[in-house]
Structure formats: structure tokens, C-alpha cells
Amino acid sequence: MPINILMPALSPTMEEGKLSKWLVSEGDEVKSGDILAEIETDKATMEFEAVDEGCIGKILVPEGTEGVKVNQPIAVLLVDEEEAGNTDIEAAMSSIKAAVTAEATPAKPDASTPEKQTTVAPKAAEPVAHPANAAARIFASPLARRIAEQKNVDLSALQGSGPRGRIVKADVEAAKAGSKAAQPAAPASAAAISGIAPLQDAKLFFKPEDYEEIPHDSMRKAIARRLTSAKALIPHFYLTIDCRIDGLMGVRARLNAAAPKADGYKLSVNDFVVKAAAYALARVPEVNASWTDSAILRHKHADIGVAVALDFGLITPIVFHAGEKGLAAISNEVKSLAERARSKKLKPQEFEGGTFAISNLGMFGIREFTAVINPPHAAILAVGAGEQRAIVVDGKVEVATVMTVTMSCDHRVIDGATGARFLQSFKMAVEDPAAMLL
């Protein structure tokens with residue numbers, strides 16, 4: 001009996017991906033754990049391994065195909081000693097289409113048992129279940145299952161709002177523990193929220209010979225979608241403060257000079273910024289929070305995302321428990337995360353989530369800027385260049401190295417005075433790094 005190999009959800013937010021490369025061919029024998037393909041999401045390239053044993057009967061989606069939807073059939077696996085030459089691929093395709101349609105349709109109690117639906121799962125993901133009655137199978141993301149277990153929510157009572165009726169995190173969070181949840185309303189578009197009609201296609205204003213058309217990749221689409229939503233839905237406000245960093249620069253120089261020659265470290269100003277942000281989050285925990293429709297989540301650890309610019313977009317890998325790490329550990333971790341981010345080798349858990357974010361454009365000579373909040377964070381710190389400026393101290397003009405930082409705040413979570421207290425703590429830590437030892 002042919003088994004449908006479906007496009008996997010490699011992260012809780014993934015809706016589609018690029019089938020970057022097949023590592024098997026039609027007719028190849030595969031075993032559980034064999035790597036079948038490389039799947040490129042908007043953030044990383046991940047290996048995709050088999051769960052069942054069998055023979056690759058037909059590859060339905062060629063490598064290099066972009067925009068492959070989660071749960072879309074990508075190949076057919078033959079089991080029970082079938083041979084590709086003896087398999088009716090057209091019949092298998094009809095079976096696949098019927099099965100995919102059935103996934104999006106609520107099952108009836110007397111439904112007959114359909115064919116097995118999936119045989120592969122992303123590496124390190126939860127095991128894929130193969131129930132005897134696939135009609136009763138609950139399609140939910142791994143994150144949704146974990147939250148449902150924690151909140152004692154019955155997944156069978158939920159109507160999923162994800163691709164093909166898949167239950168996602170928002171569906172579970174909208175449900176009451178132990179009760180049946182109503183179907184969540186579809187999220188409003190940014191245009192509907194703002195009351196502004198969609199923009200005209202830019203192509204209408206230019207001649208084809210006057211521009212080069214560069215198709216969007218999956219990362220650029222995700223950035224556009226997430227930031228448009230964030231800017232439209234989150235009420236931003238901004239707070240700016242200047243920090244004198246002459247003392248920080250002196251401490252940095254001394255620590256780098258004392259670093260071991262072998263396996264040493266080289267501290268950057270950004271490493272101090274990450275540590276200072278973690279220090280301030282511990283003292284003003286109201287900023288270390290996330291908004292949900294039912295409650296504000298006050299986080300217990302400072303998990304700080306550090307924005308990394310890529311040739312093809314932007315990603316924010318996370319330094320977890322930054323407040324509990326020293327400068328050398330933070331420095332080495334940020335460098336490792338940035339290197340793997342540029343090669344698209346990060347794992348989803350290394351860039352999804354976090355409680356706060358930092359975007360530093362100082363190395364490009366940018367004096368100050370504002371950044372867009374990246375949910376689930378309630379704030380992001382935009383860091384400018386440290387530059388010599390004339391300042392007044394005790395009535396006298398002095399030359400000092402000054403760094404301007406601007407914090408974008410989610411006004412649903414953070415009030416103006418709260419944000420100001422955070423920046424005061426941050427400024428104290430940056431201007432006197434020894435304060436972070438307190």
C-alpha cells in the first residue's frame with residue numbers, strides 16, 4: 001500500500017517552505033532515520049528524515065520548488081515489498097488528494113478507515129503517530145500539543161485555524177481548560193485594521209526595461225508578513241537615551257588584552273549591551289514580558305534575541321538566560337549563533353521565541369534609529385554608534401564617547417514610566433559595567 005510523504009511543519013509558525021534538495025531518488029530503499037531531503041524554511045535549512053521503511057515510488061515535488069505548503073504531498077513511499085513498476089501512481093495520487101481533503105474536513109463517527117497519511121518527520125521533532133483509525137487523528141502542531149497538555153485542553157474539541165484545519169498555538173490559547181473552544185476568528189489583515197486600501201502594484205509605475213525583477217524568497221516573504229502585522233497590531237511608542245561609554249571602552253580594552261591566547265575571547269560593545277539589557281530586565285521585570293489576549297506573561301529569564309543581518313534578510317537568534325552568563329560566554333555564543341545564522345544552520349528553537357531583542361547598527365555608523373517590535377517580545381532596543389560628542393559636565397564642555405539607544409515599546413504591556421526606568425537601569429550598567437556585578 002503506498003504511503004503519502006507530506007511536507008512537514010519544521011517549526012510552530014511554518015506554513016510553507018522550499019524543498020531545497022532531495023537526498024534520495026525514485027527506487028531507493030529507505031529506513032527509519034534516513035535523511036530524505038533538505039527543507040528550507042524562512043529562517044533555516046533543516047534535514048528531513050524518514051519514519052517508515054520502504055521504497056521511494058514517486059517524487060511528486062521536484063527539488064528547488066518554493067512555496068510548498070505544510071501537509072502537501074511531496075512523495076509516495078511503497079511498503080509491503082511493493083515495486084514502483086507495479087504501482088498505479090495515478091491511483092496513489094487520487095488517494096493522496098482524497099486524504100488531504102479529508103484532513104481539512106471534520107470526520108464523521110462512522111467514517112471508514114483511510115490510508116496511512118504520513119511517514120516522515122523533521123529531525124528531533126515529536127514522533128509521528130499512525131493511529132488505526134486515521135479519521136480520528138487530531139492534526140496539531142507540536143507546540144499546540146504541549147500547551148494543550150499544560151492547560152488541560154481537549155484538542156479534539158478544537159477547530160483548527162492553521163493550514164488545512166491544523167490546530168495551532170493560538171487555537172489552544174483561546175480555549176478554556178477542559179472545555180470546548182469556539183472556532184477562532186480569522187486574523188484581520190493590516191489593510192482592514194488601518195482602513196487603508198491595498199497599495200497599487202509598483203510595476204504600474206515603471207517600464208519593464210527600467211528595472212530588474214528579483215522574486216521574493218521565503219525569508220523575505222516572512223519578514224514582510226510578520227513586520228506588517230506587528231506594525232499594524234502593536235501600539236508602538238519610543239524612548240531614547242544617551243549613554244556615555246568611555247568607561248565601557250576602557251574595560252573592554254583591558255579584558256580583551258587579558259584574554260587567553262588559546263581559545264580566548266574578543267569582547268565587542270554589543271556583548272556589553274546584551275549583558276546590560278539582561279541586567280535591566282532583572283531590575284525592571286515589567287519589560288521582560290509578552291502580551292496575550294487573556295494575560296501578560298511575565299518571564300522568569302532574560303532570553304535576548306540579537307538581530308543578525310543576512311544577505312537574504314534578517315534573523316534574531318537568542319541568547320538564553322543572558323543574565324546568568326558572563327561576558328565571555330555571551331560573546332562566544334553570539335559569534336557562534338551569527339555564523340550558523342549566515343549559513344542557515346540554526347535550529348528553530350534557537351531563533352523562535354525569546355523575551356527581548358536588540359538591533360545594533362552602530363557598526364554601520366548609524367547614530368540612532370527605531371526598530372519594529374518582533375512578537376512575542378514587548379520591546380526592542382535599537383543601538384546606534386558610539387561617537388565622540390561635546391557634552392556639558394558641571395558647567396564645562398568635555399569630549400565624551402556617547403552611544404544613543406532607542407527602545408520601541410508595546411504600549412499594551414509597557415507604560416512610559418516603566419520603559420524609562422528600564423533605560424535608567426540600562427544606562428547605569430553601560431556607563432559603569434562594574435554595576436552588573438551587584
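One-based numbering along the sequence shown. For the numbers below, each heavy atom of this structure counts, side chains included, while hydrogens, waters and symmetry mates do not.
- In this view, Glu212 satisfies the salt bridge (Lys or Arg N to Asp or Glu O under 4.0 Å) rule with no residue, not counting sequence neighbours.
- Within a 6.0 Å radius of NZ in Lys231, other residues, nucleotides and ligands contribute more than 12 heavy atoms.
- Judged as a ring-ring contact (aromatic ring centres under 6.0 Å, His included), the pairs with a partner in residues 313-332 (not counting sequence neighbours) are, in order, His301-His321.
- Shown here are the side-chain contact (heavy atoms from CB on, under 4.5 Å) partners of Asn256, two or more places apart in sequence or in another chain: Arg252, Tyr265, Lys266, Leu267.
- The structure places CG of Asp28 at 8.0 Å from CD1 of Ile59, a figure rounded to the nearest 0.5 Å.
- For the side-chain contact (heavy atoms from CB on, under 4.5 Å) test, residues two or more places apart in sequence or in another chain that qualify with Pro285 are Arg298.
- Note that the CG atom of Leu314 and the CG atom of Asn374 stand 8.5 Å from one another [nearest 0.5 Å].
- Inter-residue side-chain proximity for Lys275 and Asp271 is flagged as unmet; no heavy-atom pair is nearer than 4.5 Å.
- The two atoms that bring Leu60 and Pro62 nearest to each other are O-CD, 3.9 Å, heavy atoms only.
- Considering all non-hydrogen atoms of both residues, Leu337 and Ile318 come closest at CD1-O, 3.5 Å.
- Distance check, rounded to the nearest 0.5 Å: NZ of Lys221 to NE2 of His216 gives 7.5 Å.
- Asn288 is linked by a side-chain contact (heavy atoms from CB on, under 4.5 Å) to Leu281, His299, Thr355, counting only residues two or more places apart in sequence or in another chain.
- Ion pairing between Glu16 and Lys69 holds under the 4.0 Å rule for side-chain N and carboxylate O.
- Remark: Phe426 CZ to Ile241 CD1 distance equals 9.0 Å, nearest 0.5 Å.
- Considering only residues two or more places apart in sequence or on other chains, Lys325 meets the salt bridge (Lys or Arg N to Asp or Glu O under 4.0 Å) condition with Glu333.
- Within the 4.5 Å cutoff, the side chain of Trp22 has heavy atoms near those of the Ile74 side chain.
- Taking the six-membered ring for Trp and thresholds of 30 and 60 degrees, Tyr238 and His236 have ring planes inclined between 30 and 60 degrees apart.
- Residues Phe48 and Pro8 share a closest heavy-atom pair of CE1-CG, 3.4 Å.
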